[in-house]
Amino acid sequence: MTAVSRRAAIGAPAALMLSAGACGAQPTGPSGQTRALVAYFSRSGNTRVIAGQLHRELPADLFEIRPARPYPEDYEQIVAQASREREAGFRPELAGRVASLSAYDVVWLGFPVWGQSVPPPVRAFLAAHDLSGKTVRPFVTHGGYGLGDSLSMLRADAPRARFEAAVSMEADQERRTMNQVREWLAKARPRATNP
């Protein structure tokens, strides 16, 4: 498992491609190339950037995993909702499905770690699509706490897929920014004076 900082994420797809080449021969489509899909879920955009670069450089088709009902914009509201959903084992309805997953040999699966685990929309994607016999290459972003149980959860949700080593990248800018603003406000607020 490879871990890289957010700053290194720009060069991450090259590392992802190198690991792909080291994995041995893959089934190929009519053009002699592996038929690949990049499926990703992204809330803040970190995972989306990586997915877009993989889409361009592999080349591969691109599919965004989106819940039918979008999550709130507010970070703390999302954290609270995701925690409730995770504890309940909730899998939201998705806005769409891959029309013909059977056309792909390899699925690059990207998502941010939510609460030390796989976000509910990604679990819903795995429940809605049969990945039997597919090679799955996870690329995962996280806020500094690592992968948690996300890889074992993926394997449990898609037991007949072949999982390759995940690439994980720290991408905690949003949380870091919020903490910096809180610290700044704590210093900037006028202190109450005693009479």
Side-chain angles (χ1 to χ4, degrees), residues 1-24 26 34 36-58 60-67 71 75 78-79 81-83 85-87 91 104-127 129 131 134-159 161-180:
M1 191 173 314
T2 306
V4 288
S5 72
R6 186 177 197 294
R7 287 185 190 99
I10 294 171
L16 289 168
M17 290 170 61
L18 286 174
S19 73
C23 297
Q26 294 293 327
T34 300
L37 173 71
V38 176
Y40 73 96
F41 171 71
S42 184
R43 192 199 63 77
S44 66
N46 293 319
T47 309
R48 179 178 293 112
V49 168
I50 298 163
Q53 193 164 356
L54 287 170
H55 164 66
R56 289 185 303 274
E57 293 189 23
L58 285 173
D61 292 335
L62 189 64
F63 178 81
E64 182 175 6
I65 300 167
R66 292 183 299 117
Y71 283 93
Y75 175 78
I78 290 172
V79 169
Q81 181 176 336
S83 178
E85 290 177 353
R86 185 181 63 255
E87 290 171 9
R91 294 178 185 177
Y104 301 102
D105 304 307
V106 176
V107 177
W108 297 78
L109 183 61
F111 59 90
V113 171
W114 279 13
Q116 303 290 313
S117 198
V118 178
V122 175
R123 298 196 71 202
F125 173 83
L126 294 173
H129 297 87
L131 273 68
K134 307 287 181 203
T135 298
V136 179
R137 295 183 173 139
F139 58 100
V140 185
T141 59
H142 61 83
Y145 297 105
L147 296 172
D149 72 358
S150 61
L151 300 182
S152 61
M153 189 69 68
L154 289 179
R155 286 183 176 91
D157 285 348
R162 291 186 307 270
F163 283 90
E164 294 192 351
V167 172
S168 67
M169 293 161 241
E170 184 176 342
D172 67 344
Q173 184 173 353
E174 187 171 21
R175 178 180 291 132
R176 191 177 302 165
T177 299
M178 289 177 61
N179 288 339
Q180 288 174 343

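FYI, side chains are in, hydrogens and waters are out, and symmetry mates aren't considered; it's all heavy atoms of this structure. Values in this document were obtained by computation on a predicted structure and should not be read as measured data. The residues of the chain are indexed from 1 along the displayed sequence.
- Summarising the geometry of E64 relative to S42, their closest heavy-atom pair is OE2-O, 4.5 Å, with the distance given to 0.1 Å.
- Residues L151 and F163 are not in side-chain contact: their nearest non-hydrogen atoms beyond the backbone lie 4.5 Å or more apart.
- The side-chain heavy atoms of H142 and E170, taken from C-beta on, include a pair separated by under 4.5 Å.
- When side chains are defined from C-beta on, R43 counts as touching Y75, because their heavy atoms get closer than 4.5 Å.
- Taken from CD in E85 to CD in E87, the straight-line distance is 11.0 Å, to the nearest 0.5 Å.
- Looking only at side-chain heavy atoms (C-beta outward), L126 and L131 come within less than 4.5 Å of each other.
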Next on the checklist: Applying side chain to side chain contact (heavy atoms under 4.5 Å, CB included) to R137 and L54, what does each step give before you reach the verdict?
Outcome noted: CA-CA 12 Å; R137 295 183 173 139; L54 287 170; over 6 Å; no
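- The structure places CZ of R48 at 9.5 Å from CG of L62, a figure rounded to the nearest 0.5 Å.
- In this structure, P112 and P119 approach most closely via the heavy-atom pair O-CG, 3.0 Å.
- Across every non-hydrogen atom of D157 and P159, the tightest pair is C-CD, 3.5 Å.
- Between F41 and W114, the closest side-chain pair of non-hydrogen atoms falls below 4.5 Å.
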Problem set entry | Steps toward side chain to side chain contact (heavy atoms under 4.5 Å, CB included) verdict (H55, Y40) | CA-CA 11 Å; H55 164 66; Y40 73 96; over 6 Å; no
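- Within the 4.5 Å cutoff, side-chain heavy atoms of L109 are placed close to those of I65.
- Between S168 and L147, the closest heavy-atom pair is CB-CD2, 3.6 Å.
- Between F63 and L37, the closest side-chain pair of non-hydrogen atoms falls below 4.5 Å.
- In plain terms, the two heavy atoms of F111 and S150 that are nearest each other are CE1-CB, 4.0 Å.
- Y104 and K134 get closest at one heavy-atom pair: O-NZ, 2.6 Å.
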**Asked** Where do L154 and V136 land on the side chain to side chain contact (heavy atoms under 4.5 Å, CB included) test, with the steps shown first?
**Response** CA-CA 10 Å; L154 289 179; V136 179; 5.7 Å; no
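- Salt bridge status for R86 with D149: absent, with no side-chain N to carboxylate O gap under 4.0 Å.
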